[in-house]
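What follows is a single structure, written as structure tokens, with notes after it.
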Amino acid sequence: MNNPFKGVGLALGGGAVLGGAHIGVLRALEEADIPIRFVAGTSVGALVGALYAGGLSWREMESLAMEMNWFDISRIRLSRFGLLSNAKIGNIVREHLGEMYFEDTRIPLAMVATDIASGEKVVLDSGDLAQAVMASTCVPGVFVPVEINGRMLVDGGVVENVPLSPLLKMGADFLLGVDLNAKIECRRPRNIVEVLLKTFDFMLLNATRLQTEHADFLIAPDLSRFNMVNTFRIKELISVGYRDACIALRQLRKQYDP
């Protein structure tokens, strides 16, 4: 593909375990020879974005994802602010990237979190990478909030689930978004975690549709047959993300390289 873009910014959206599809999207982008100059992530998109910007290939992330399960990324920590701690998410980042800071990433990176006291969007683009990932992935009511610079932070999906706006400030001239929740199927939740996650997901769904209208191109894998907590289907999620991204990128090829 003759790439007409000088500064492609990739926005990786939230969606808990559905984030496995991001890995397939990264593979498709690599095979389509679309160089990513900037990355922004929210929630699981922040985790995948950090690993990618920090130097891991999609193959390495695929191997990592295949080994993970729900208990790898959380532990019981009863408090008045949440049921679980997501400290293990930070440990995953440190284990694979070391003590890395935003300033050390190979691709400029930003993450979105929410100040739970004020409701303000907080763009994290400096400081400790692992701590920022913990903040952006901190689903309210499920995980205990993460404090950074005196602010109590939770999941960025509350304010911007597909983080396009940080990419503009970073200098991107083409906004490429990945929305994991665009095609969801209604099904009964099976446990308290699914109840909380589905409630959170429905709250941000309409806002995300409005926000992604500002993308120059949107990849929206059909993940309707998956749920956000079943880690036993990661391989399928990666495969569907890859398949649907390839289809979408062929459309992009026709649009910009007739």
Side-chain angles (χ1 to χ4, degrees), residues 9-16 19 38-50 53 73-75 77-90 93 101-103 105 108-172 175 177-181 192-193 195-215 228:
L10 178 64
L12 299 174
F38 309 93
V39 177
T42 293
S43 198
V44 70
L47 173 60
V48 174
I73 61 174
S74 63
R75 63 183 173 84
R77 182 186 170 185
L78 296 178
S79 86
R80 55 181 173 158
F81 296 121
L83 300 174
L84 305 170
S85 166
N86 69 347
K88 287 189 176 181
I89 294 180
V93 175
Y101 291 80
F102 280 88
E103 294 77 10
T105 59
L109 172 69
M111 303 176 202
V112 171
T114 305
D115 186 324
I116 197 60
S118 65
E120 293 177 287
K121 176 170 66 180
V122 178
V123 177
L124 302 169
D125 56 9
S126 63
D128 183 73
L129 211 60
Q131 189 180 35
V133 170
M134 288 173 57
S136 186
T137 58
C138 188
V139 179
V142 177
F143 293 126
V144 178
V146 176
E147 188 167 324
I148 297 179
N149 296 327
R151 307 184 82 166
M152 186 178 287
L153 302 181
V154 298
D155 198 300
V158 174
V159 287
E160 191 173 6
N161 196 47
V162 180
L164 297 165
S165 65
L167 295 172
L168 288 173
K169 294 183 179 180
M170 296 167 76
L175 304 183
V178 183
D179 187 356
L180 303 178
N181 299 286
I192 185 173
V193 172
V195 169
L196 291 168
L197 286 173
K198 285 178 74 67
T199 301
F200 181 59
D201 188 49
F202 289 137
M203 286 192 302
L204 60 86
L205 188 59
N206 289 331
T208 299
R209 286 172 180 162
L210 292 174
Q211 292 163 356
T212 53
E213 289 179 357
H214 300 292
M228 292 185 291

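Only a predicted model underlies this, so the values are computations on that prediction, with no experimental measurement involved.
Pairing each heavy atom of Ala110 with each of Val123, the nearest pair is CB-CG1, 4.0 Å. Across all non-hydrogen atoms, the minimal contact from Asn181 to Gly14 is ND2-O, 2.8 Å. Residues Ala11 and Leu164 come closest through the heavy atom pair CB-CD2, 3.7 Å. Scanning all heavy atoms of the two residues, the minimum distance from Ala46 to Ser136 falls at CB-OG, 3.5 Å. Between Pro140 and Asp155 the shortest heavy-atom distance is CD-CB, 3.9 Å. Pairing each heavy atom of Val133 with each of Ile89, the nearest pair is CG1-CG2, 3.5 Å.
In this structure, Met111 CE and Ser43 OG are separated by 11.5 Å, a value rounded to the nearest 0.5 Å. Taken to the nearest 0.5 Å, the CG atom of Leu153 stands 8.5 Å off from the CD atom of Gln131. The line from CZ of Phe102 to CG of Asp128 is 8.5 Å long, rounded to the nearest 0.5 Å. For the atom pair Leu47 CG and Leu12 CG, the distance stands at 10.5 Å (nearest 0.5 Å). Taken from CG in Leu175 to NE2 in His214, the straight-line distance is 10.0 Å, to the nearest 0.5 Å. From Glu147, atom CD reaches atom CD1 of Ile116 across 13.5 Å, with rounding to the nearest 0.5 Å.
For Glu160 (side chain) and Ser165 (main-chain N/O), a donor-acceptor pair under 3.5 Å exists by modelled atom type. For the pair Asn161 (side chain) and Gly13 (backbone), a donor-acceptor distance under 3.5 Å is absent.
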Give the intermediate values and the outcome of side chain to side chain contact (heavy atoms under 4.5 Å, CB included) for residues Val122 and Ile148. CA-CA 10 Å; Val122 178; Ile148 297 179; over 6 Å; no
